[in-house]
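For reference, the structure is listed below as structure tokens.
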Amino acid sequence: MGSKMIITDAVQFSKMLRTLQDECKDSCIYEEDIQILRVNGEKHLHHIYRGDRPVFICEKTAPRIDSEDDKMDETHSDDETNREVKIELGPQPLTIMKARQLLSWYTMSQNSIPPAVSLVPPAVSPAPLLPLWVRCDMADPARTTWLGAETACTGNKVSGVKLYAVTCAGSTVDKGSFITLDELKQEHKNRHHPSMMVARGTAQYNLFGSTVVENTTIESQSSVTVDFKWSHVESILEVPPLSSTATLNIKVSSGDMRSPMYPLYRELEFLQILADGLRTGETDWMEPEETRSAVQLTREYLDELQNTVKTLRDQSTKEAVKVKTETGTSETEIFNSLMERGDLDFIEQLWVRMRNSVTSYQDVGDCLKLVIKALQYGDIKPWIHRDSSSSLSKLILQSYHHQMDHVSLTGLTPVHMLLEMGLDKMRKDYINYLIGQELTTLNHLSYYLSTVEDLQEQVIRLRKLHHLLEIMVTCSTFLGLPYDRLFLLTQLCLQYYKTCPYDEDHEFKLQIKPALISHFYQKEQAVSWGVEVSSGNGPREVKTSWLLSDKPLVEHIIFETDEMTVNGDSEGTAYFTTMVCCSLVNFAA
């Protein structure tokens, strides 16, 4: 009777997993108090699990707010506190007994032998279930935080199940308490009795991101980390050798005031404000950088053009230098010299003046009225780029033949015209850098430079191009990456943003030779370090892993912290330790 109940429970559980897997659902509730998620394994299990397929995660369902609580007076302070605590609760673990039960059901469901206990009809051979991981409460003597299982297959047939147990300990700076490599190998040997073992290392270093100054952390939304993988580990916490495989993980956020890109970012922000104003009808104008009014600056510029005896092209070069003096930053002079253009045309120089001074719709309209009037009377014959696509550029071309269309500068029309001017100018800024550095070609930029789409979409694509440039500048000025790596990274970013939405949280990955960045990491402490002892091949491979990390790899447990770390008395990094052991259960043939 008992065995039949176990089989029935296993069948129900496996059906639930099968439904999640086959219908690609994200989650479901099992037995009212267990939540099953279908998620990215690496994201939720961090360094504990490495795989490119989804996994099932079982956890305790989050506590619900009782209906009686909803009926209580909302002004009751205790009730508000209780609600807040319940809402903030993160993932909740199950007991070790329940976790073992779920894993036993998973294992039974994958074993079709012997027929008397088969959970799947012999004629049916569905795909193996995805790996299953269960959060544990660490209440057992071994301090288990995860139990996991995944199928081992020979050909298309499930030949066994690999069972995983993850144990963790709180942070410590006492490196003498760490396991030695020989002890780890002995642990693996005791479990699996292999004839040969291999020890592989992994490590991650933070090259760029948050910094600590006088015990205060200065947070940065940008980060550049590097992941190392190498074979033949010789000691715990050894520095990755130059023969390692290294991958940069690059995540850059725009708007950092310390970045040489910041002036260009401010210009893009103004562009975005104009686009938002067209979309919503309301504009939150930026504080002007100029003390003189927009109308005054525009009038002075027009007078200067009328009175000059030099050619307009010479004037453009002169004004371009003037703009550089006024808006440039000395933070990275090399970058400024690469970005600076000496070919700003009339519209681009007008944009620079208006961007730094307009504070209202009235300002924009009045400035454009002055320009159009000067064109109508033939007071100026401005030079513009041949490929300019703005409304004002078309009026200028018409003015050459004394046949200008009438433009009613009412409503949002002036803002629309100013936005076009800015888009034209900034597109050329980005082209100037990317083409000048030979990082791409105009053909590869065609998606980002297209003027067929509406203005809102043009701004979105320009933001993508700006983000790409932020990434390039970080990797060139800070990391000093060589041309071939920058070229490849540029292509990766351009390809990604052709099909994906704007996302500053996305990590771009780039293969790199460790020697190029050795001076960044060889004297630094790793943020995570691990060694994996393995034996066997293919589906019979088993591993024993030991991991160090500056943050806990488990989010459903609150760990104790070393007092030396809290008091800041130690210069060494405080590490959390995690052990992952694997067992292989073979099914009968």
*Do the non-hydrogen side-chain atoms of Asn206 and Glu524 ever get within less than 4.5 Å of each other?*
no
*Going by the salt bridge (Lys or Arg N to Asp or Glu O under 4.0 Å) test, which pairs reach into residues 244-257, not counting sequence neighbours?*
Asp256-Arg258
*Can you check whether Tyr447's main-chain N or O pairs, donor with acceptor, with Arg461's side chain at less than 3.5 Å?*
yes
*Derivation of the side-chain contact (heavy atoms from CB on, under 4.5 Å) call for Val252 and Met261*: CA-CA 12 Å; Val252 175; Met261 285 287 292; over 6 Å; no
*Got Trp285 and Asp363 here, is their nearest side-chain heavy-atom distance under 4.5 Å?*
no
*What are the two closest non-hydrogen atoms of Gln522 and Val239, and how far apart are they?*
O-CG2, 4.1 Å
_Does any part of the side chain of Asn356, heavy atoms only, come nearer than 4.5 Å to the side chain of Leu297, both counted from C-beta?_
no
*Mind checking what makes side-chain contact (heavy atoms from CB on, under 4.5 Å) contact with Val295, not counting sequence neighbours?*
Ser293, Arg299, Asp366, Cys367, Leu370
_Using 0.5 Å steps for rounding, measure from the NZ atom of Lys369 to the OG1 atom of Thr298._
13.5 Å
*Considering residues, nucleotides and ligands other than Asp454, do more than 12 of their heavy atoms fall under 6.0 Å from its CG?*
yes
*Quick one: side chain to side chain donor-acceptor pair (under 3.5 Å) partners of Glu555, sequence neighbours excluded?*
Arg135
*asked:* Let me confirm one number: the CD-CZ distance from Gln456 to Arg279, rounded to the nearest 0.5 Å.
replied: 6.0 Å
*Check side chain to side chain donor-acceptor pair (under 3.5 Å) between Gln272 and all other residues, then give those that pass, not counting sequence neighbours.*
Asp276, Arg463
*In sequence, state the C-alpha distance, the side-chain angles, and the governing distance for Thr474 and Val224, and then conclude on side-chain contact (heavy atoms from CB on, under 4.5 Å).*
CA-CA 9 Å; Thr474 297; Val224 179; 4.3 Å; yes
*Please assess Ile380 against Tyr301 for the test side-chain contact (heavy atoms from CB on, under 4.5 Å), listing each intermediate value before the final yes or no.*
CA-CA 11 Å; Ile380 56 174; Tyr301 180 44; over 6 Å; no
*Using the test ring pair (Phe, Tyr, Trp, His ring centres under 6.0 Å), find all partners of His506 that sit at least two apart in sequence or belong to another chain.*
Tyr496, Phe508
*Could you tell me which residues satisfy ring pair (Phe, Tyr, Trp, His ring centres under 6.0 Å) with Phe228, sequence neighbours excluded, listed by chain and number?*
Tyr205, Tyr521
*Is it the case that Ser408 and Thr410 place a side-chain donor and acceptor less than 3.5 Å from each other?*
yes
*Pairing residues for His467 by the ring pair (Phe, Tyr, Trp, His ring centres under 6.0 Å) criterion, not counting sequence neighbours*: Tyr497, Tyr502
*Quick one: pull up OG in Ser391 and CE in Met417 and give me the separation to the nearest 0.5 Å.*
5.5 Å
*Any donor-acceptor pair under 3.5 Å linking the side chain of Asn432 with the backbone of Lys428?*
no
*Any residue meeting ring pair (Phe, Tyr, Trp, His ring centres under 6.0 Å) with Phe520, in chain and number order, not counting sequence neighbours*: Phe478
_Which residues share a side chain to side chain donor-acceptor pair (under 3.5 Å) with Gln35, sequence neighbours left out_ = Glu59
*asked:* Do Glu470 and Glu504 make a side-chain contact, defined as non-hydrogen atoms from C-beta onward lying under 4.5 Å apart?
replied: no
*Answer with yes or no whether the side chains of Tyr430 and His466 bring together a donor and an acceptor at under 3.5 Å.*
yes
*asked:* With rounding to the nearest 0.5 angstrom, report the CZ to CG distance, Arg38 to Asp26.
replied: 8.0 Å
*Flag the pair Met354 / Phe270 as yes when at least one side-chain heavy-atom distance between them is below 4.5 Å, and no otherwise.*
no
_Donor-acceptor contact present, side-chain Lys464 to main-chain Cys500, <3.5 Å_ = yes
*Measure the shortest side-chain to side-chain distance between Leu442 and Leu449 over non-hydrogen atoms and say whether it is less than 4.5 angstrom.*
yes
*Could you tell me whether Lys25 atom NZ has more than 12 heavy atoms of other residues or ligands within 6.0 Å of it?*
no
*asked:* Among residues at least two apart in sequence or on other chains, which ones pass side chain to side chain donor-acceptor pair (under 3.5 Å) with Thr441?
replied: His444
_Once side-chain contact (heavy atoms from CB on, under 4.5 Å) is applied, do any residues pair with Met404, and if so which ones, sequence neighbours excluded?_
Ile372, Leu375, Gln376, Leu395, Gln398, Ser399
_Donor-acceptor check, side chain of Thr413 to backbone of Leu409, threshold 3.5 angstrom: yes or no?_
no
*Mark yes or no for whether Ser222, through its side chain, and Ser253, through its backbone, hold a donor-acceptor pair below 3.5 Å.*
yes
*Would a distance-only check, ignoring hydrogens and angles, find a side-chain to backbone donor-acceptor pair under 3.5 Å from Ser244 to Ala246?*
no
_Least distance between heavy atoms, Met426 atom then Leu271 atom_ = SD-CD2, 4.1 Å
*For the side chain of Asp424 and the backbone of Ser388, is there at least one donor-acceptor N/O pair under 3.5 Å apart?*
no
*asked:* Side chains of Met286 and Ile273, heavy atoms from C-beta outward: is any pair under 4.5 Å?
replied: yes
*Considering residues, nucleotides and ligands other than Arg386, do more than 12 of their heavy atoms fall under 6.0 Å from its CZ?*
no
*Side-chain donor-acceptor pair under 3.5 Å between Thr247 and Asp227, yes or no?*
no
*Return the minimal non-hydrogen interatomic distance between Glu267 and Trp351, and the atom names on each side.*
OE2-NE1, 2.8 Å
*For the atom pair CG (Leu45) and CG (Asn40), what is the distance rounded to the nearest 0.5 Å?*
9.0 Å
Return a table of donor-acceptor pairs under 3.5 angstrom between the side chains of residues 481-494 and protein atoms on other chains or two or more places apart.
residue, atom, partner, partner atom, Å
Tyr483, OH, Glu438, O, 2.6
Arg485, NH1, Gln511, O, 2.8
Thr490, OG1, Leu486, O, 2.7
Gln491, NE2, Leu439, O, 2.6
Gln491, NE2, Phe487, O, 3.3

_Checking salt bridge (charged side-chain N to carboxylate O under 4.0 Å, His left out) between Glu348 and each of Arg355, Arg353, Arg341, which is the one that passes?_
Arg341
*Quick check: does any side chain N or O of Ser549 sit under 3.5 Å from a backbone N or O of Lys551, one acting as donor and the other as acceptor?*
yes
*Is there a donor-acceptor pair under 3.5 Å between the side chain of Glu290 and the backbone N or O of Ser357?*
no
*Residue pair Ile384 / Leu392, side-chain heavy-atom distance below 4.5 Å*: no
*Just by distance, do the side chain of Gln458 and the backbone of Glu453 share a donor-acceptor pair under 3.5 Å?*
yes
*Leu423 side, atom CG; Thr451 side, atom OG1 - distance, nearest 0.5 Å*: 10.0 Å
*Are Asp405 and Lys394 close enough for a salt bridge, meaning some N to O gap below 4.0 Å?*
no
*For Ile396 and Ile347, run side-chain contact (heavy atoms from CB on, under 4.5 Å): C-alpha distance rounded to whole Å, both residues' side-chain angles, the deciding distance at 0.1 Å, then the answer.*
CA-CA 10 Å; Ile396 291 173; Ile347 296 177; 3.7 Å; yes
